Amino acid sequence: MENISLRNRRAVAIHFEQDVYTLEIPLRASYIADYETYRFLLINRYSEEELYLTFNEDHTIDDYTVCKVQVEPALHNQLLTEGDIWDLYIERINEEQVKRARIANKPEHLQFHSYFIPGTEKVFYPYRTGKGNISFRVNDYVFFANLEEIHLKKTGQLHFSGSFNYAPLYRNDRYELKELKLIVTNNLDENEELVLPLEIRERMDLADLYNGNALLQHSGFEGSFDVASQIDLNNKKYFKFYLELTYSDNGEIKTIRSIRMRHLKKDRTLPAIAKLNKGGKKFKILTKLTKKSKYLSVNTSEYFFIRETASRMKRKWVSIRRGRFLKNSYKSVFKLLGSILPVDKKLVIFESFLGKQYSDNPRAIYEYMQENMPQYKLYWSSDRRAVPYFEGKGVPYVRRFSVRWLFLMTRARYWVSNSRLPLWIPKPEHTTYLQTWHGTPLKRLAADMDEVHMPGTNTNSYKRNFLYEASKWDYLVSPNNYSSEIFARAFGFDKTMLETGYPRNDFLYTHNTPENIALLKKNCGISENKKIILYAPTWRDNQFYQKGKYKFDLELDLKRMREELGDEYVVVLRLHYLVAENLDLSHYEGFAYDFSKHEDIRELYLMADMLITDYSSVFFDYANLRRPMMFFVYDLDDYRDNLRGFYFDFEETAPGPLFKHTEQIINEVKNIDTYGYQPTEAFEAFYQKFCYLEDGKASERVVQQVFK
């Protein structure tokens, strides 16, 4: 236990003995200090039935109390029905409130031992949800086929090995393995199946993992498949793979088929390619794993030398471009040019959200300078994928990290950005770096964060790198005194703070007219007769595909909203720029629109009759319009206590009601339609604290102080 890194509400072990699950869950002292008592419970995700669990405070480590929580399914057999999911919570109680939060865990701390529900063919077992939380599920027995090694030979022979997993095999007094086969299907003929023999291999490692279960000694498999012999000369063809197990159950012979073969190990070497001739044509065989489920898939298609060579060269160049050698060389050249090239005192380089947008505070400053300071040469740093957009808008740009960008950046007198530049970029002595940032802080920032959950870094590295980047800033824009104090501390910033209001909000004062709003709706293809609900949630640090690519689970029930509000409203969704995936709103055409890639959220603010958000800083800006806001905070406890933490009591200070269910949002919208909207005292207090500097002239104030 002492060697395990403890985290609040994250189980560090789950044991299963004598049909009882025991979970070891650490709780930070500060997390439970203000509550009279706390307890653990399971909540049925569908019926909302509650089961309270027995536990004891087993021991303490540093600032943590480690609780041993017991889940004994035998006490509740009558409640365990097919398809049920039971989510694990902690409940904290005092005189004023009751708060609940999910219990999380890491995959390596979860053992998938199953409890067999008497009189049924079902099992009850723990699993880790997509968000990293612990739940228990009731399911029919499932036969898993897990790949561990895959090799594709140049001759088109596919060799593989792995293990299978079938819950009843834990009860080794009833079962005897007979035969294992490979089943191969293809996309061209769903009824065609190849049946091939597999060799069963000993797996003592699995037997040891499951308390020395003798039957699991023989749960490994090994086999091969001749892909070349199955190539179709006229069509692309891909294959799916399954296992078929024949076993004896108390003397009765039974046969079961697995789910598709899937790969579990992280150190996989796929994809692999083989090229061969057949029937006078060249073919290639590609083995790969499906993106989400990691099922093994083998594709065959005709091979074209020129096309494949070009594609291979492109991939090679991307690998070189992203490699350490080129980056170090580029950094050295950047530093050299920055020291020897003459400064261009009228050259300004702008960048918004890593070059992906023409938006936010840099855009407002750019537009002011373009109109009032024509003597300056203004360029935008553009991500290569955003180049078509800058070209379409007629905005002068330079492609990020290109040779021209290198010369312009090193000669520029001014840099203007709203997010961090890459850490390796050295700032020349003659350059003034204006950092505008991109929001009033609700969530803890940089040095104020207790823990960092982002991919590709850890807490210490993240803070160290952030502070190093902030040390390059010469000016930092702040929207209010509250933000100035936090920025100075969280960023370690001790240079010139520009407490001016946010330039990006000037637009909300200078363009807030019925004529402009009608024109915006027309340009966006939204009916002028429909009212607009803008949904603009933030990203979650711990929900990601990989470093730099975050995901977002849409919890808002658009189907229900369309049924209740679709006659008068449409919903416009604007996701955070770090969220990687695209929304599929095809089922809600005419009601829900994805404007995540819209050039600037300021136009969406003006069009929106009301805002739904969560912990995003958008509500600080939208408050300038004095329109209705509501907060969809279905994961408030987890976000506040585990991910980021807040700078103030969000529940008390929020300038609108907090909701956890879509139905509550629908009711609030209907109430506003019926009774109208009148800002509350809480809203007025919020407005006076955070929006008092906004008057449509923040850009002018920033430019006057920086561009002298």
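Bear in mind that the values here come from a model prediction, so they are computed numbers and not experimental data.
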Are Glu469 and Leu421 close enough, and set up right, to give a side chain to side chain contact (heavy atoms under 4.5 Å, CB included), and what steps lead you there? CA-CA 8 Å; Glu469 158 67 10; Leu421 294 174; 4.1 Å; yes

Just do the side chain to side chain contact (heavy atoms under 4.5 Å, CB included) check on Ile526 and Val572 with the steps written out, would you? CA-CA 10 Å; Ile526 297 176; Val572 168; 3.8 Å; yes

Kindly determine whether Phe707 and Val348 satisfy side chain to side chain contact (heavy atoms under 4.5 Å, CB included), including the steps that lead there. CA-CA 10 Å; Phe707 300 89; Val348 188; 3.8 Å; yes

Report the C-alpha separation of Tyr358 and Tyr397 in whole Å, then their side-chain angles, then the decisive distance to 0.1 Å, and conclude whether the ring-ring contact (aromatic ring centres under 6.0 Å, His included) test is met. CA-CA 10 Å; Tyr358 168 56; Tyr397 75 93; over 10 Å; no

Go through the steps for Leu434 and Leu498 under the test side chain to side chain contact (heavy atoms under 4.5 Å, CB included), then give the verdict. CA-CA 10 Å; Leu434 169 59; Leu498 303 177; 4.1 Å; yes

Working for ring-ring contact (aromatic ring centres under 6.0 Å, His included), residues Tyr615 and Phe631: CA-CA 8 Å; Tyr615 325 108; Phe631 297 83; 8.8 Å; no

For Ser483 and Asn480, run side chain to side chain donor-acceptor pair (under 3.5 Å): C-alpha distance rounded to whole Å, both residues' side-chain angles, the deciding distance at 0.1 Å, then the answer. CA-CA 5 Å; Ser483 299; Asn480 44 55; 2.7 Å; yes

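The CE atom of Met409 sits 6.5 Å away from atom OG of Ser381, with the distance rounded to the nearest 0.5 Å. Taken to the nearest 0.5 Å, the CE atom of Met630 stands 8.5 Å off from the CG atom of Leu611. Taking NZ from Lys559 and CZ from Phe591, the interatomic distance works out to 12.0 Å, rounded to the nearest 0.5 Å. In this structure, the separation between NE2 on His511 and CG on Asp506 is 10.5 Å, given to the nearest 0.5 Å. A distance of 7.5 Å separates CG in Asn516 from CG in Leu606, rounded to the nearest 0.5 Å. In this structure, Leu604 CG and Leu534 CG are separated by 6.0 Å, a value rounded to the nearest 0.5 Å.
Side-chain contact between Tyr569 and Met561 is absent, with no heavy-atom pair separated by less than 4.5 Å. You'll find the side chain of Arg574 stays beyond 4.5 Å of the side chain of Val618, heavy atoms only. At least one side-chain heavy atom of Leu658 sits less than 4.5 Å from a side-chain heavy atom of Glu651. In this structure the side chain of Tyr35 reaches within 4.5 angstrom of the side chain of Lys99, judged on heavy atoms. A 4.5 Å side-chain heavy-atom check between Pro537 and Leu575 finds at least one atom pair inside the cut-off. For the pair Trp437 and Val477, the minimum side-chain heavy-atom distance is 4.5 Å or more. A 4.5 Å side-chain heavy-atom check between Tyr366 and Val395 finds at least one atom pair inside the cut-off. Contact of the Phe683 side chain with the Arg626 side chain is registered, since non-hydrogen atoms from C-beta on lie closer than 4.5 Å.
Ser484 places no side-chain N or O within 3.5 Å of a backbone atom of Glu499 that could act as its donor or acceptor partner. Between the side chain of Lys472 and the backbone N or O of Ile425 there is at least one donor-acceptor pair closer than 3.5 Å. In terms of modelled atom types and a separation under 3.5 Å, the side chain of Arg627 and the main chain of Tyr605 share a donor-acceptor contact. When atom types are taken as modelled, the side chain of Arg128 and the backbone of Asn105 share a donor-acceptor pair closer than 3.5 angstrom. Panel note: side chain Asn133, backbone Thr129; no donor-acceptor pair is recorded below 3.5 Å. The backbone N or O of Pro503 sits nowhere less than 3.5 Å from a side-chain atom of Tyr368 that would complete a donor-acceptor pair. Ser47 places no side-chain N or O within donor-acceptor distance of the main-chain N or O of Asn44, the cut-off being under 3.5 Å. For the pair Asn361 (side chain) and Arg504 (backbone), a donor-acceptor distance under 3.5 Å is present.
Partner of Tyr433 under the ring pair (Phe, Tyr, Trp, His ring centres under 6.0 Å) criterion, out of Tyr475, Tyr414, Trp415: Trp415 alone. Screening Phe350, Phe390, Tyr379 for a side-chain contact (heavy atoms from CB on, under 4.5 Å) with Pro396, the sole residue that qualifies is Tyr379.
In summary, the side chains of Asn624 and Tyr502 do not present any donor paired with an acceptor at a separation below 3.5 Å, with no hydrogens or angles considered. When only modelled atom types and interatomic distance are considered, Arg562 and Tyr588 share no side-chain donor-acceptor pair under 3.5 Å. In the model, Glu694 has a side-chain atom that pairs as donor or acceptor with a side-chain atom of Asn505 under 3.5 Å. Side-chain contact check for Ser359 and Arg602: no donor-acceptor pair (N or O, by modelled atom type) lies under 3.5 Å. Checking Gln704 against Glu700 by side-chain atom types alone, a donor-acceptor pair falls below 3.5 Å. Side chain to side chain, Ser352 and Asp360 fail the donor-acceptor criterion of an N or O pair below 3.5 Å.
At least one cation-pi condition fails for Lys660 and Tyr634: the charged atom is not both under 6.0 angstrom from the six-membered ring centre and inside a 45 degree cone around its axis.
Judged as a ring-ring contact (aromatic ring centres under 6.0 Å, His included), and not counting sequence neighbours, His661 has no contacts.
Of all heavy-atom pairs between Ile365 and Ser699, the closest is N-OG, 4.2 Å. Nearest approach of Lys495 to Asp474, heavy atoms of both residues: CB-O, 3.6 Å. Contact detail for Ser135 and Arg102: the closest heavy-atom pair is OG-NH2, 2.8 Å. The shortest non-hydrogen separation linking Met607 to Ile517 is CA-CG2, 4.2 Å. Contact between Asp87 and Arg45 at its shortest, heavy atoms only, is OD1-NH2, 2.8 Å. Leu556 approaches Tyr535 most closely through the heavy-atom pair CD2-CD2, 3.7 Å.
A distance below 6.0 Å separates the ring centres of Phe620 and Phe686.
Within 6.0 Å of the NZ atom in Lys697, the count of heavy atoms belonging to other residues, nucleotides or ligands does not exceed 12. Counting heavy-atom neighbours within 6.0 Å of Glu589 CD, excluding the residue itself, gives a total of 12 or less.
Ring orientation note: the planes of Phe487 and Phe491 are close to parallel, at an angle under 30° on the 30°/60° scale. Between Phe690 and Tyr482, the ring planes lie perpendicular to each other; the angle is over 60°, past the 30° to 60° tilted range. Relative orientation of the Trp473 and Phe493 rings is tilted, given thresholds of 30° and 60° on the angle between their planes.
Residues Glu485 and Arg489 are not paired through a salt bridge, judged by the lack of any N-O separation under 4.0 Å between the basic side chain and the carboxylate.
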